[in-house]
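Computation of the quantities below employed the complete heavy-atom set of this structure, encompassing side-chain atoms and omitting hydrogens, waters and symmetry-equivalent molecules.
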Amino acid sequence: MAAKKMSLEECFEGLDDIIVDLQSGELSLEDSFKKYEDGMKLIKKCTETIDKVEKKLIVFENEQE
């Protein structure tokens, strides 16, 4: 995966692609580990993005009160 700014949807699509590749059973062990690493990076990116949105929502809700 390129180190570009990815939307949350793009991250999820990337994860879906990785899952399909891993479940195919056609990858070498080395390629499987690389896909796993890529997936973990995407999961981290997704988590960071979701955390940022959640913090913005908390701030917004506090401003509304």
Side-chain angles (χ1 to χ4, degrees):
M1 291 285 134
K4 65 173 185 146
K5 277 196 162 192
M6 296 177 74
S7 70
L8 192 56
E9 292 81 6
E10 290 171 327
C11 286
F12 285 143
E13 287 176 17
L15 284 169
D16 283 341
D17 292 343
I18 289 170
I19 290 168
V20 169
D21 290 344
L22 288 171
Q23 288 179 336
S24 73
E26 297 176 11
L27 297 175
S28 68
L29 185 58
E30 186 175 326
D31 289 339
S32 294
F33 279 125
K34 177 67 176 126
K35 289 283 185 179
Y36 175 81
E37 260 183 355
D38 292 344
M40 293 306 293
K41 289 176 186 175
L42 283 174
I43 288 171
K44 182 179 179 188
K45 170 81 172 125
C46 290
T47 301
E48 290 171 353
T49 302
I50 291 169
D51 286 346
K52 286 179 187 177
V53 170
E54 186 176 33
K55 287 176 185 173
K56 287 179 183 179
L57 285 173
I58 290 170
V59 168
F60 179 74
E61 287 176 352
N62 288 337
E63 290 175 352
Q64 297 299 314
E65 292 177 354

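The hydrophobic cluster containing L8 does not contain I19, counting ILVMFWY residues as joined when their side-chain heavy atoms lie under 4.5 angstrom apart, directly or transitively. When hydrophobic clusters are built by joining Ile, Leu, Val, Met, Phe, Trp and Tyr residues whose side-chain heavy atoms come closer than 4.5 Å, directly or via intermediates, I43 is grouped together with Y36.
A distance of 9.5 Å separates CE in M6 from OG1 in T49, rounded to the nearest 0.5 Å. Note that CD1 of I50 is 11.5 Å distant from CG of L57, once rounded to the nearest 0.5 Å. Atom NZ in K41 sits 14.0 Å away from atom NZ in K45 (nearest 0.5 Å). Distance check, rounded to the nearest 0.5 Å: CD of E13 to OG of S7 gives 7.0 Å.
Shortest non-hydrogen contact noted between C46 and L15 is SG-CD1, 4.1 Å. Minimum heavy-atom separation, K5 to E10: O-OE1, 4.1 Å. In plain terms, the two heavy atoms of K35 and I18 that are nearest each other are O-CG2, 3.6 Å.
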### Worked check of side-chain contact (heavy atoms from CB on, under 4.5 Å) between K34 and L27
CA-CA 10 Å; K34 177 67 176 126; L27 297 175; over 6 Å; no
